[in-house]
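Report on the following structure.
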Amino acid sequence: MDWTSAQLRSLVELTRRGTITAVADALGYTPGGVSQQITALEKATGMRLLRRVGRRVELTDAGATLALHAERILTTEAEAVEALERTRNEISGTLRVGLFATAAAELLPPALRQVRERHPGVTVRSRDMDVDEVYDAVAGGTVDLALGLDYPDVPIPRDPSLRVMELSRERFSLAVPTGAMPGRADTSRPSRTSGASDTSGRAGPRKVSLADTRELGWILPSVRSYYGRAVLTACRRAGFEPQVAHEVTDTAATLALVEAGVGVSVVTDLMLRLRPSRLDVLELRETMERHIVVVFRSFAEHRPTVAALVDVLRTSTGRRPPRREHHGTDKLATR
């Protein structure tokens with residue numbers, strides 16, 4: 001059959017995502033481009049693979065059968081690439097990496113610098129995507145590996161075909177408008193990261209509880225996201241339902257809204273570094289964490305380029321500099 005990997009991948013993604021538009025978003029094509037891939041595949045097979053049902057499309061029996069075999073073909077192709085890489089005397093090749101916005105801004109740049117120094121033959125092509133989509137992107141072969149997030153309260157489903165390796169852990173703090181919680185904590189400076197030393201000679205800030213925010217408006221992403229569900233779960237465990245005033249996904253926008261005084265949110269050091277903001281950052285009594293993970297297909301664990309980038313990521317995430325603390329009335333959070 002005269003078909004291409006791109007055509008087969010479009011068909012496989014259609015079984016995962018259900019619509020041409022969703023496939024286009026996942027693969028970085030236009031909806032028209034995906035339709036052309038499927039049309040070319042129908043021409044190559046001489047069979048109708050899709051049928052239109054109202055405003056959507058669904059696979060025919062032939063389409064479903066080919067999609068099943070296409071997934072195996074793509075897996076075999078990826079395994080062949082891995083085997084070929086192992087025959088080289090040096091680590092070289094191209095890696096497609098999926099990552100979320102915070103990782104693109106904070107984690108990828110230092111990792112790329114180390115890759116250039118250690119493995120000049122490795123080329124990294126990155127794609128920014130929704131953090132909850134990176135697992136499907138790896139499983140479907142859209143990317144070779146991805147940086148993602150895992151929440152202990154709402155863990156991601158563990159697909160046996162994927163390897164999820166923890167790189168680091170971050171504990172959440174509470175971001176509130178300046179002076180919004182008088183008497184609750186020492187707000188003369190942002191609170192310290194758990195485990196950091198206080199060299200100022202002053203007592204550390206008192207901790208606050210999530211329950212202390214029950215009368216305040218919250219800024220949160222949709223509860224359909226892992227992050228939104230994780231925060232909702234923590235708040236319910238603290239005995240209240242958060243009043244969501246603004247449903248926002250973007251971290252920088254969330255910090256801007258907290259700074260503007262319209263609500264509170266939970267934040268980590270990595271999130272705070274995205275946008276310097278004048279706000280109070282208070283330690284929580286409750287333990288809320290997120291784990292930064294790297295995801296790749298299990299059979300690719302020993303692929304030289306994948307192993308090299310994973311090793312660099314493990315090194316670089318462990319070397320992020322501590323945030324600067326600000327004293328006095330300047331509450332500029334640059335963590």
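Hydrogens, waters and symmetry mates are skipped; everything else that's a heavy atom, side chains included, is used.
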State, to 0.1 Å, how close [X] and [Y] come at their nearest heavy-atom pair, and which atoms those are.
X: Ser298; Y: Arg163; answer: OG-N, 3.8 Å
X: His246; Y: Leu257; answer: CB-CD1, 4.2 Å
X: Arg9; Y: Gly141; answer: NE-O, 3.2 Å
X: Ile20; Y: Ser35; answer: CG2-OG, 3.9 Å
X: Met129; Y: Val143; answer: CE-CG1, 4.2 Å
X: Leu284; Y: Ser209; answer: CD2-C, 4.3 Å

Can you tell me how far the [atom1] atom of [X] sits from the [atom2] atom of [Y], to the nearest 0.5 Å?
X: Asp61; Y: Thr65; atom1: CG; atom2: OG1; result: 6.5 Å
X: Leu232; Y: Ser222; atom1: CG; atom2: OG; result: 10.5 Å
X: Thr102; Y: Asp250; atom1: OG1; atom2: CG; result: 8.5 Å
X: Arg290; Y: Arg171; atom1: CZ; atom2: CZ; result: 15.0 Å
X: Glu247; Y: Ile219; atom1: CD; atom2: CD1; result: 12.5 Å
X: Thr305; Y: Arg96; atom1: OG1; atom2: CZ; result: 10.5 Å

Name the one of Asp132, Asp130, Leu149 that satisfies side chain to side chain contact (heavy atoms under 4.5 Å, CB included) with Phe100? Leu149
Does [X] use its side chain to pair, donor to acceptor, with the backbone of [Y] at less than 3.5 Å?
X: Arg214; Y: Pro242; result: no
X: Asp280; Y: Gly179; result: yes
X: Ser277; Y: Arg275; result: yes
X: Asp136; Y: Glu133; result: no
X: Glu259; Y: Arg278; result: yes
X: Glu286; Y: Leu210; result: yes
X: Thr213; Y: Leu216; result: no

Side-chain contact, heavy-atom cut-off 4.5 Å: [X] with [Y]?
X: Trp3; Y: Leu66; value: yes
X: Met47; Y: Thr60; value: no
X: Thr123; Y: Leu95; value: no
X: Trp218; Y: Val231; value: yes
X: Thr254; Y: Met271; value: no
X: Leu309; Y: Val294; value: no
X: Arg297; Y: Leu162; value: yes
X: Pro177; Y: Leu279; value: no

Evaluate the side-chain contact (heavy atoms from CB on, under 4.5 Å) criterion for residues Leu147 and Leu167: first the C-alpha distance (whole Å), next the side-chain angles of each, then the deciding distance (0.1 Å), finally the verdict. CA-CA 9 Å; Leu147 286 165; Leu167 296 175; 3.5 Å; yes
If only side-chain N and O atoms count, and only distance matters, is there a donor-acceptor pair under 3.5 Å linking Gln37 with Ser10? no
Just do the side-chain contact (heavy atoms from CB on, under 4.5 Å) check on Phe299 and Thr75 with the steps written out, would you? CA-CA 9 Å; Phe299 65 76; Thr75 297; 3.7 Å; yes
Take Thr315 and Gln114 through the side chain to side chain donor-acceptor pair (under 3.5 Å) test and state the conclusion after the steps. CA-CA 9 Å; Thr315 302; Gln114 289 191 42; 4.9 Å; no
Salt bridge (charged side-chain N to carboxylate O under 4.0 Å, His left out) contacts touching residues 146-155 (sequence neighbours left out): Asp150-Arg158, Asp153-Arg237
For Leu50 and Leu59: C-alpha separation, side-chain torsions, deciding distance, then whether side-chain contact (heavy atoms from CB on, under 4.5 Å) applies. CA-CA 5 Å; Leu50 299 181; Leu59 296 178; 3.2 Å; yes
Can you establish whether the number of heavy atoms outside Arg224 located under 6.0 Å from its atom CZ is more than 12? no
With a sphere of 6.0 Å drawn around CE of Met165, does it hold more than 12 non-hydrogen atoms of other residues, nucleotides or ligands? yes
May I ask you to decide whether Glu71 forms a salt bridge with Arg16, counting only side-chain N to carboxylate O separations under 4.0 Å? yes
In sequence, state the C-alpha distance, the side-chain angles, and the governing distance for Arg48 and Glu42, and then conclude on salt bridge (charged side-chain N to carboxylate O under 4.0 Å, His left out). CA-CA 6 Å; Arg48 188 180 180 192; Glu42 289 181 324; 5.5 Å; no
According to a hydrophobic-cluster definition based on side-chain heavy atoms being under 4.5 Å apart (Ile, Leu, Val, Met, Phe, Trp, Tyr only), do Leu68 and Val12 belong together? no
Hydrophobic clustering (ILVMFWY, side-chain heavy atoms < 4.5 Å, transitive) - are Phe172 and Val223 grouped together? no
